[in-house]
Amino acid sequence: MVRTNEARVTVLGLGAMGRALAGAFLAAGHATTVWNRSPGRDDELVARGAVRAPSLRAAIDASPLVIACVLDAAATREIVEPVVDALAGRVLVNYSSDTPERARELATWAGEHHIELLDAAIMVPTAVIGQPEALVLYSGSSQAFGSHRSTLEALGGSPRYLGTDTRMAALYDLALLDLFYSSMIGFVHGLALVGADGVSAAQFMPLAHEFFALLPGMAATIAAAVDQGEHPGTFDNVRMEAAGLAHIVDAAHARGIDTRTVVAAKSIFDDAVAAGHGNESFSSIIEVLRRAGPRTTRG
Ligand SMILES: NC(=O)c1ccc[n+]([C@@H]2O[C@H](COP(=O)([O-])OP(=O)(O)OC[C@H]3O[C@@H](n4cnc5c(N)ncnc54)[C@H](OP(=O)(O)O)[C@@H]3O)[C@@H](O)[C@H]2O)c1
């Protein structure tokens, strides 16, 4: 293989995503060293030109930029802890998903060991890694991001740096996954609802597509209202929306379909009405959601 880019990178963790990351670095011409806890996951990468490290320490010694992509932040730390001295002075990019608080703990631990940490969040499936539409978020050491940005571009898209607060990549990750899970559960619930009356998913899709296209505009309106703290209720109101959710609960119940998610959604709107937001717009439910419990994660 003819290398076009000699920036060296080491990838620790060769699950589905770690292999995709290593494959993208190789495809961009980077000298790529790979290591995995269990043997046998690097054959294809080695066939493509990756260097199989004889040991974890050798893997870390091979590159100034070390990437970890394993189960979670604890697994990242578990891997590197025994060879932490080898990591001193290098940049560690943690692609293992976790909470913002655990990302910060990892950064604090890294700082104590003179390791520059970037925390990363991958927002796309493995097949999109290396493609223009790849979306990968970073936060933490700005120096580390600046020095290695061009290498990280091998993963596709434009690497998004969210600032020096190490928690940010994980925080945005979880907020976007919150959006993903809630909306897709609603979508699948909708498929169950129409399916109960003999409408196939394929038949439902054209209208679902048209409806999806309306959501960005609605989200922008809600976002602006949340930032302004004003929910005028001119074009919609929470009382009407609570009634609409009750219709979904009733129709699901009548068809023997699970009602847990829609009952939960309705209870939020009912609480908003009870709290005096009945004549305000959809965005006012944020007042109910914000009041759910004490805040424990300042910093
Ligand atoms: N796959 C995706 O589409 C996707 C998308 C976005 C983000 N991610 C994130 O990427 C990370 C890796 O996901 P994946 O899909 O590659 O998972 P995976 O295919 O299940 O692979 C898990 C990897 O973690 C390693 N591992 C787990 N626990 C470990 C420990 N205690 N010590 C050392 N190594 C350990 C495994 O090593 P062994 O081979 O030795 O078991 C394996 O290399 C996760 O945080 C995930 O949330 C994945």
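Below, all heavy atoms of this structure are taken into account, side chains as well, without hydrogens, waters or symmetry copies. Only a predicted model underlies this, so the values are computations on that prediction, with no experimental measurement involved.
With hydrogens and angles left out, the side-chain atoms of Thr261 and His189 include no donor and acceptor closer than 3.5 Å. Of the N and O atoms on the side chains of Asn36 and Ser38, not one donor lies less than 3.5 Å from an acceptor on the other residue.
At least one donor-acceptor pair closer than 3.5 Å links the side chain of Thr32 to the backbone N or O of His30. With hydrogens and angles disregarded, a donor-acceptor distance shorter than 3.5 Å links the side chain of Arg255 to the backbone of Ala251. Proximity of a side-chain donor or acceptor of Tyr161 to a complementary backbone N or O of Gly146 within less than 3.5 Å is not detected. For Asp236 (side chain) and Phe282 (main-chain N/O), a donor-acceptor pair under 3.5 Å exists by modelled atom type. Counting only distance, with no hydrogens or angles, the side chain of Arg160 and the backbone of Ser158 share a donor-acceptor pair below 3.5 Å. In this structure, the side chain of Glu287 does not engage the main chain of Ser284 through any donor-acceptor pair within 3.5 Å.
The shortest non-hydrogen separation linking Arg90 to Ser63 is NH1-O, 3.0 Å. A pairwise comparison of heavy atoms in Ala53 and Ala58 identifies CB-C, 4.4 Å as the closest pair. Shown here for Val238 and Ala272, the closest heavy-atom pair between the two residues is CG1-CB, 3.8 Å. Taking each heavy atom of Ser141 and Glu116 in turn, the nearest pair found is OG-OE1, 2.6 Å. Taking each heavy atom of Leu135 and Val124 in turn, the nearest pair found is N-CG1, 3.5 Å. When all heavy atoms of Leu137 and Leu176 are compared, the closest pair comes out as CD1-CD1, 4.4 Å.
Open room surrounds CZ on Phe211; 12 or fewer heavy atoms of other groups in view lie less than 6.0 Å from it. Atom OH of Tyr172 is surrounded by 12 or fewer heavy atoms from other residues, nucleotides or ligands within 6.0 Å.
Trp35 shares a hydrophobic cluster with Leu12, Leu56, Ile60, Val66, Val70, Ile79, Val80, Val83, Val84, Leu87, Leu92, Leu106, Trp109, Ile115, Leu117; the chain of contacts runs through ILVMFWY side chains whose heavy atoms sit under 4.5 Å apart. The hydrophobic cluster containing Leu207, built from Ile/Leu/Val/Met/Phe/Trp/Tyr side-chain heavy atoms closer than 4.5 Å, comprises no other residue.
Note on Arg149 versus Glu153: salt bridge recorded, some NZ/NE/NH1/NH2 to OD/OE distance being below 4.0 Å. Checked for salt-bridge contact, Arg19 and Asp42 miss the test: no charged N lies under 4.0 Å from a carboxylate O. Using a cutoff of 4.0 Å between basic side-chain nitrogens and carboxylate oxygens, Lys266 and Asp270 are scored as salt-bridged. The pair Asp72-Arg102 fails the salt-bridge criterion, with no side-chain N (NZ, NE, NH1 or NH2) lying under 4.0 Å from an Asp/Glu carboxylate O.
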Starting from the C-alpha separation in whole Å, work towards a yes-or-no answer on side chain to side chain donor-acceptor pair (under 3.5 Å) for Ser139 and Thr166.
-> CA-CA 5 Å; Ser139 56; Thr166 319; 5.8 Å; no
Side chain to side chain donor-acceptor pair (under 3.5 Å) evaluation trace for Thr259 with His253 = CA-CA 7 Å; Thr259 58; His253 186 69; 5.5 Å; no
Salt bridge (Lys or Arg N to Asp or Glu O under 4.0 Å) between Asp43 and Arg52, intermediate numbers included = CA-CA 9 Å; Asp43 294 344; Arg52 175 182 292 145; 3.1 Å; yes
Side chain to side chain donor-acceptor pair (under 3.5 Å) between Thr76 and Asn94: does it pass, once the steps are laid out?
-> CA-CA 7 Å; Thr76 292; Asn94 175 53; 2.7 Å; yes
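Aromatic ring orientation, Phe145 versus Tyr138: tilted (interplanar angle from 30° to 60°).
The CD1 atom of Ile185 sits 9.5 Å away from the CZ atom of Arg260 when rounded to the nearest 0.5 Å. A distance of 11.0 Å separates CG in Leu14 from CD in Glu44, rounded to the nearest 0.5 Å. Atom CG in Leu118 sits 10.5 Å away from atom CD in Gln143 (nearest 0.5 Å). Note that OG of Ser96 is 8.5 Å distant from CG of Asp119, once rounded to the nearest 0.5 Å.
Applying the side chain to side chain contact (heavy atoms under 4.5 Å, CB included) rule to Ala224 yields the partners Gln228; only residues at least two apart in sequence or on another chain are considered.
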